[in-house]
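Before any comments, here is the structure.
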Amino acid sequence: MPSLLCHPGFGGSRWDSASRWQQDLALSPEVYDQWRAAIKRWDRDERRTRADDSGILLAVRALYLDLHSWAIDEPEQWAQWVVPCPIRPKELKGFAKRKREIHQRMSDRIRVRQPLLPTLVAHVEGRYEHLTGLLKKARAVELGEIFEHDGHSYRRTDSDRDRTWAKSQDEPPVRVTDEDGQVLNVTLTEDTAFWEWAGLEILRHSGIRVEELCELTHLSIRQYRRPNDEVIALLVIAPSKSERERVIPMSADLFHAVAQIIRRLTPDGQPVRLLNRYDPHEKTWSEPMPFLMQRQNGTQRSVISPTTFLHMFARSCEELAESHRAFADMTFTPHDFRRLFATEIVNGGLPIHIGAALLGHLNLQTLQGYVAVFAEDIVANYQRFLNHRRSLRPEIEYPEVTPEEWADFEEHFDKRKVELGNCARPYGTPCNHEHACIRCPMLQVNPKMLPRLAEIEKDLLLRRKRAQEEHWLGEVEGIDSTLTFLRAKQAEAARLSKRPTTNLGIPRPRPEEIQ
């Protein structure tokens, strides 16, 4: 118990004005006031203050009340610690209101960041593509040679260190000097840019926690083959906060990011290296596993920590703040992408119970706190789910899946295939946009259909010209709206078409397995 009293969250010896250890739970008014002032500080530098400390007060008050109960059952062990609780009930008055204010602040945070997410994604992806091209060109030239990339001139450095690296390593680190005379380690910078891009893509397309991201392994990638030989890629999330394993169907963007990681970790067909990962929460080391979030850090190879991703995103926001005023004093945390993912899928019409399953929430109310939408939308979706479930399912046990239900499940995915690509509407829901696919946000355009989009754009322009000649102003307005959606989908499909094809090869047994 004395060790608990010295814990920083409880106050410890930092707030004891007499510079001595607190020997019991009987806090004097002076010590209690100092402790209340200490927990108001978010960090030791006192640069930030805690907006609400009621959670800590509730936990400490619960400790005092628990001691009262334990002392009745085991007085010989706990009676010595029973003292009056220094936290008065009036200090916790209005806790529910403060809880609602916290949810409101989080919703406002997501509403502010949602329109800025495409800018951040474009910045991170553009920097990675730029550095990838720079590294490729720099490796193709000799030491000391000048070359150009993206309209800028660079010179590959030719120092004693570079010549030593070139003789001793197959792929030595590449360094270049830019037009301003700054030396840039392209190998290291490109590696950092890749992992920031990969972490951002996985977090925003899967909604997983950053701890779950760092725990992903090569074994987390599974596949499900349907009877028509269509393969659906799955991402298995190991038990984390809720101690429940869950499976996430991978979208094209998510699978592309995962495939790029595997390609990077398995050069020349080598397997993913087995590493031990330290869990800072459990204070334990894992068994050797093929973690996906691993990189070379100097002479040591280790698993990327959650804090590293936090610093990466903060640095990108600082860079964007120089040209985008909206990013001034703005940060994106890994958990922001989880909240943005939850908001996107619920606003897109996904039933709330399916969204809770994808995010690993045991309670639907937890998802409600994640989603930045109007309360009536949440209630309507939740009530619709309850009414549907009660009409089909018994209260206690669920029936087995019938062949008819399974056939309906497979038929849904077949009906989602349209001319321009794939419809991403949730399972069991009809088309709510009367098959106006160009305007529908659920349409996932296949890059191969870019020529077809060009034909549709040409036809729309001819129709608009005719509407202007006939003074059909309503028709002109509708066509302009359709053209806006069409060109947005053209830009997205063109961006996807520029991505390199990732060939993972065919798995081959290791020599020891053959024996």
Side-chain angles (χ1 to χ4, degrees), residues 1-44 46 48-107 109 209-212 239-244 279-284 306 333 335 338-339 356 359-370:
M1 186 65 69
S3 63
L4 172 64
L5 296 173
C6 299
H7 191 276
F10 195 79
S13 59
R14 292 186 301 156
W15 45 265
D16 193 342
S17 59
S19 298
R20 58 182 174 81
W21 296 95
Q22 178 71 28
Q23 297 299 326
D24 53 32
L25 290 173
L27 305 183
S28 64
E30 295 78 11
V31 172
Y32 175 70
D33 291 339
Q34 294 176 27
W35 174 69
R36 286 297 306 274
I39 64 175
K40 278 290 186 183
R41 296 192 296 267
W42 185 265
D43 51 24
R44 294 184 179 181
E46 302 185 15
R48 297 184 297 169
T49 58
R50 197 182 302 272
D52 181 41
D53 59 358
S54 56
I56 299 177
L57 296 180
L58 280 174
V60 174
R61 182 174 173 82
L63 170 64
Y64 279 86
L65 298 180
D66 285 342
L67 287 172
H68 291 189
S69 302
W70 299 341
I72 297 176
D73 299 330
E74 301 179 77
E76 67 283 354
Q77 182 176 358
W78 301 110
Q80 59 177 325
W81 300 104
V82 176
V83 294
C85 179
I87 302 175
R88 295 173 290 276
K90 67 178 183 179
E91 297 183 50
L92 294 173
K93 188 177 180 180
F95 174 73
K97 178 182 177 182
R98 290 193 294 270
K99 200 72 174 177
R100 289 194 297 269
E101 291 175 350
I102 293 175
H103 289 162
Q104 182 63 36
R105 288 198 300 270
M106 294 307 303
S107 296
R109 178 185 178 93
R209 303 176 180 91
V210 66
E211 295 83 6
E212 296 168 340
S240 178
K241 184 176 180 180
S242 61
E243 297 298 331
R244 291 180 62 187
D279 191 329
H281 299 289
E282 301 292 337
K283 309 297 182 184
T284 57
T333 65
H335 213 73
R338 179 171 169 83
R339 294 180 181 274
L359 292 173
H361 290 155
L362 301 179
N363 192 340
L364 296 182
Q365 299 300 323
T366 307
L367 179 61
Q368 179 178 351
Y370 272 61

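Numbers here are sequence positions counted from 1.
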Self-check item: Chi angles and distances behind the side-chain contact (heavy atoms from CB on, under 4.5 Å) call for Ile39, Leu57
Solution: CA-CA 10 Å; Ile39 64 175; Leu57 296 180; 4.1 Å; yes
[atom1]-[atom2] distance between [X] and [Y], expressed to the nearest 0.5 angstrom:
X     : Y     : atom1 : atom2 : value
Trp70 : Leu63 : CH2   : CG    : 6.5 Å
Ile87 : Trp35 : CD1   : CH2   : 4.5 Å
Trp78 : Asp66 : CH2   : CG    : 10.0 Å
Leu65 : His68 : CG    : NE2   : 6.5 Å

Which heavy-atom pair separates [X] from [Y] by the least distance, and what is that distance?
X     : Y     : result
Asp24 : Leu27 : O-CD2, 4.3 Å
Tyr64 : Leu25 : OH-O, 2.7 Å
Ala71 : Val82 : CB-CG2, 3.5 Å

Self-check item: Test log, rule salt bridge (Lys or Arg N to Asp or Glu O under 4.0 Å), inputs Arg36 and Glu91
Solution: CA-CA 11 Å; Arg36 286 297 306 274; Glu91 297 183 50; 2.2 Å; yes
